[in-house]
Amino acid sequence: MSVDEKGRKMLTEFREFAMKGNVVDLAVGVIIGAAFGGIVTSLVGDIIMPIIGAATGGLDFSNYFAPLSKAVTATNLADAKKQGAVLAYGSFLTLTINFIIVAFVLFLVIRAMNTLKRKEEAAPAAPAKPSAEVELLTEIRDLLKKS
């Protein structure tokens, strides 16, 4: 088998693999997940964290940090990072809240999907209509019974 034939075979195998339903579904899921992540990030940063900040007296978690060197004298995180190493625990807190929200929303979505699945499984399926041959044989049987 030549190198060209091996390459074509490998390309064919890859195409079959890539076009399987699970791989395509995974790709769609990753793309939608990335878009959903942007929405959740905005929800946390622009809506939830300001509400939490207002409830806690105007605290802004994103600027919470601990300097790890004596050279850091800035009072906001962006300037402090320029001066030296900092432990930005406020950013970590924001991302943790972001994760909890994403996990909760995914839980609700999966729970709803499972509920729909259970309803579909519980619904009795309509009996399948007999084939034309079976109907014909049934009519013949019924006619023979009458005579």
Side-chain angles (χ1 to χ4, degrees), residues 1-139 141:
M1 186 178 271
S2 72
V3 173
D4 190 38
E5 290 173 347
K6 286 181 182 179
R8 285 186 187 151
K9 183 180 177 187
M10 190 165 100
L11 184 60
T12 302
E13 288 177 19
F14 176 73
R15 184 178 63 223
E16 289 172 4
F17 167 76
M19 297 313 289
K20 284 185 181 179
N22 293 341
V23 174
V24 174
D25 291 345
L26 178 63
V28 170
V30 167
I31 292 167
I32 290 174
F36 183 70
I39 291 170
V40 171
T41 299
S42 175
L43 175 70
V44 171
D46 300 332
I47 296 172
I48 294 175
M49 293 309 283
I51 292 171
I52 292 173
T56 59
L59 299 176
D60 181 12
F61 291 112
S62 62
N63 273 323
Y64 280 19
F65 67 93
L68 297 177
S69 72
K70 293 179 182 179
V72 178
T73 58
T75 58
N76 65 25
L77 181 61
D79 292 337
K81 282 184 175 182
K82 292 175 186 174
Q83 292 177 346
V86 294
L87 184 66
Y89 62 90
S91 297
F92 177 76
L93 181 62
T94 302
L95 290 175
T96 302
I97 292 171
N98 189 346
F99 171 77
I100 291 169
I101 291 169
V102 170
F104 183 70
V105 169
L106 287 176
F107 166 74
L108 293 177
V109 168
I110 291 171
R111 185 174 178 214
M113 288 174 52
N114 287 339
T115 302
L116 290 175
K117 269 188 186 177
R118 279 189 229 115
K119 285 182 182 178
E120 287 176 4
E121 290 172 357
K129 185 176 179 182
S131 67
E133 292 174 341
V134 172
E135 286 181 4
L136 181 61
L137 289 171
T138 304
E139 288 177 21
R141 181 196 66 201

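Here L77 contributes atom CG and K82 contributes atom NZ; the two are 11.0 Å apart, rounded to the nearest 0.5 Å. In this structure, the separation between OG1 on T115 and CD1 on I110 is 11.5 Å, given to the nearest 0.5 Å. Atom OG1 of T12 is separated from atom CZ of R8 by 9.0 Å, given to the nearest 0.5 angstrom. To the nearest 0.5 Å, atoms CG (D4) and NZ (K6) are separated by 12.0 Å.
Every residue meeting the side-chain contact (heavy atoms from CB on, under 4.5 Å) condition with T73, not counting sequence neighbours, appears here in chain and number order: Q83. E5 meets the side-chain contact (heavy atoms from CB on, under 4.5 Å) test with M1, S2; sequence neighbours excluded. A search for ring-ring contact (aromatic ring centres under 6.0 Å, His included) contacts involving Y89 returns Y64, not counting sequence neighbours.
Across every non-hydrogen atom of V72 and F65, the tightest pair is CG1-CE1, 4.2 Å. Between A80 and V86, the shortest heavy-atom distance links the atoms CB-CG1, 3.7 Å.
The ring pair (Phe, Tyr, Trp, His ring centres under 6.0 Å) contacts involving residues 94-116 comprise nothing, where partners must be two or more places apart or lie in separate chains. Identified under the ring pair (Phe, Tyr, Trp, His ring centres under 6.0 Å) test for residues 24-46, with sequence neighbours left out: none. Sorted by first then second residue, the side-chain hydrogen bond (donor to acceptor under 3.5 Å, both in side chains) pairs that include residues 42-55, not counting sequence neighbours, are S42-D46.
Counting heavy-atom neighbours within 6.0 Å of E13 CD, excluding the residue itself, gives a total above 12. Other residues, nucleotides and ligands contribute only 12 or fewer heavy atoms inside 6.0 Å of the CZ atom of R111.
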